[in-house]
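Below is one structure; the comments refer to it alone.
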Amino acid sequence: MENEKIILGIDPGTTIMGFGLIKVQKKKMYFLQLNELQLSKYDDHYLKLKLIFERTIELIDTYHPDEIAIEAPFFGKNVQSMLKLGRAQGVAMAAGLSREIPITEYSPKKIKMAITGNGNASKEQVAKMLQSLLQLKTLPKNLDSTDGLAAAVCHFYNMGRADIVGKSYTGWSAFVKQNEKRVKK
């Protein structure tokens with residue numbers, strides 16, 4: 001592991017996109033930023049996607065993360081919701097890939113397990129554990145931002161492990177190569 005690394009964690013969503021940033025120095029993590037992008041006031045889904053892309057690029061240009069950890073959409077019963085979440089995730093990934101930043105995708109259960117030791121932990125339990133781990137004075141009202149921060153912390157805990165459950169992409173060419181089999185079907 002390098003001496004210093006910045007990890008951007010993203011919890012994609014079309015109502016709220018949560019994100020958090022940590023800095024890793026000499027195998028220790030330090031809290032940098034925690035926030036959210038409020039999208040509920042916009043009706044146009046395509047405008048929401050544009051705003052997700054722009055905010056992700058803005059975060060990248062401001063903090064210069066070395067890696068991005070993103071929460072994968074969970075499988076629900078509502079196909080339309082899954083499609084919208086997948087688009088939100090894809091747009092955030094495209095922003096990172098456009099800057100050649102490696103991206104690793106983690107399932108919600110994997111993130112919860114890494115933070116709390118329980119893959120079925122609640123958002124509140126994850127937030128409280130992050131508050132303790134990173135000495136956060138207060139927690140935000142909406143916990144989407146702590147979910148983004150949790151993705152970054154999960155990535156920190158999994159760095160250097162070959163058995164990471166998730167997909168990693170180092171850029172557009174890697175993304176295309178790993179997904180071309182799906183396209184050719």
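For this chain, numbers begin at 1 and follow the sequence in order. Please read these numbers as outputs of a predicted model, since none were measured by experiment. Atom set for the values below is all heavy atoms of this structure, side chains included, hydrogens, waters and symmetry mates excluded.
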> Should Asp61 and Arg99 be marked as a salt bridge (charged side-chain N to carboxylate O under 4.0 Å, His left out) after you check the CA-CA gap, both sets of side-chain angles, and the distance that decides it?
Replying inline: CA-CA 9 Å; Asp61 291 347; Arg99 296 291 202 264; 2.9 Å; yes
> Any sub-3.5 Å donor-acceptor pair from Lys5's side-chain atoms to Asp66's backbone N or O?
Replying inline: no
>> Counting only heavy atoms from other residues, nucleotides and ligands, does the tally under 6.0 Å from NZ of Lys123 exceed 12?
In response: yes
> How close do Ala114 and Cys154 get, heavy atom to heavy atom, and via which atoms?
Replying inline: CB-SG, 3.8 Å
> With a 4.5 Å limit on heavy-atom distance, are the side chains of Gln89 and Glu105 in contact?
Replying inline: yes
> Would a distance-only check, ignoring hydrogens and angles, find a side-chain to backbone donor-acceptor pair under 3.5 Å from Lys112 to Asn118?
Replying inline: no
> Could you walk me through whether Ile68 and Ile7 pass the side chain to side chain contact (heavy atoms under 4.5 Å, CB included) check?
Replying inline: CA-CA 6 Å; Ile68 295 175; Ile7 302 169; over 6 Å; no
>> Less than 3.5 Å apart, any donor N or O on the side chain of Glu71 or Tyr106 sitting next to an acceptor on the other?
In response: no
> Any side-chain heavy atom of Ile6 within less than 4.5 Å of one from Ile22?
Replying inline: no
>> With a 3.5 Å distance limit and no angle check, can you tell me whether Thr62 reaches the backbone of Leu59 through a side-chain donor-acceptor pair?
In response: no
>> Please report the interatomic distance CG(Asp147) to CD(Glu36), rounded to the nearest 0.5 Å.
In response: 10.5 Å
> What's the verdict on side chain to side chain contact (heavy atoms under 4.5 Å, CB included) for Lys23 and Met29, showing C-alpha distance, side-chain angles and the deciding distance?
Replying inline: CA-CA 6 Å; Lys23 183 186 337 187; Met29 66 177 160; over 6 Å; no
> According to a 4.5 Å side-chain heavy-atom criterion applied to Ile, Leu, Val, Met, Phe, Trp and Tyr, with indirect links allowed, do Val24 and Tyr30 form part of one hydrophobic cluster?
Replying inline: no
> Is Met113 reachable from Leu143 through a run of hydrophobic residues whose side-chain heavy atoms are each under 4.5 Å from the next?
Replying inline: no
> Can a salt bridge be assigned to the pair Glu124 and Lys128 using a cut-off of 4.0 Å between side-chain N and carboxylate O?
Replying inline: no
> With a 3.5 Å cut-off and no angle check, do the side chains of Lys109 and Asn120 form a donor-acceptor pair?
Replying inline: yes
> Between Arg87 and Leu83, is a side chain to side chain contact (heavy atoms under 4.5 Å, CB included) present by the stated rule, with each step listed?
Replying inline: CA-CA 6 Å; Arg87 287 176 176 169; Leu83 179 61; 3.9 Å; yes
> Going from CE on Met17 to CG on Asn35, what distance comes out if it is rounded to the nearest 0.5 angstrom?
Replying inline: 9.0 Å
> With distance as the sole test, does Ser98 use its side chain to make a donor-acceptor pair with the main-chain N or O of Ala95 at under 3.5 Å?
Replying inline: yes
>> Tell me the closest heavy-atom pair linking Ile10 and Ala92, and the distance in Å.
In response: CD1-CB, 4.2 Å
> Above 12 or not: heavy atoms from other molecules or residues under 6.0 Å from CG of Asp43?
Replying inline: no
>> Minimum heavy-atom separation for Thr146 and Ala127, please, with both atom names.
In response: OG1-CB, 3.8 Å
>> Using every non-hydrogen atom in the two residues, find where Ile52 and Gly13 come nearest and quote the distance to one decimal.
In response: CD1-O, 3.5 Å
> What is the distance from atom CG of Leu8 to atom NE2 of His64, rounded to the nearest 0.5 Å?
Replying inline: 12.5 Å
>> I need the Lys110 NZ to His155 NE2 distance, nearest 0.5 Å.
In response: 11.5 Å
> Which distance, rounded to the nearest 0.5 Å, do you find between the CZ of Phe31 and the CG of Leu21?
Replying inline: 8.5 Å
>> Any side-chain to backbone donor/acceptor pair from Asn142 onto Asp144? Under 3.5 Å, distance only.
In response: no
> Are Ile60 and Leu49 joined in one hydrophobic group, where the rule is that I, L, V, M, F, W and Y side chains link up if heavy atoms are under 4.5 Å apart?
Replying inline: yes
>> Ile16 vs Leu37, test: side chain to side chain contact (heavy atoms under 4.5 Å, CB included). Steps then yes/no.
In response: CA-CA 6 Å; Ile16 301 172; Leu37 173 62; over 6 Å; no
> Of the non-hydrogen atoms in Ala150 and Ile115, which two are nearest, and what is the gap between them?
Replying inline: O-CD1, 3.7 Å
> With a 4.5 Å heavy-atom cut-off, do Val153 and Leu130 have their side chains touching?
Replying inline: yes
>> Let me confirm one number: the OG1-CE distance from Thr56 to Met93, rounded to the nearest 0.5 Å.
In response: 11.5 Å
> Is the backbone of Leu136 close enough, under 3.5 Å, to the side chain of Gln131 for a donor and an acceptor to pair up by distance?
Replying inline: yes
> What is the minimum heavy-atom distance between Ala69 and Ala151, and which atoms define it?
Replying inline: CB-O, 3.3 Å
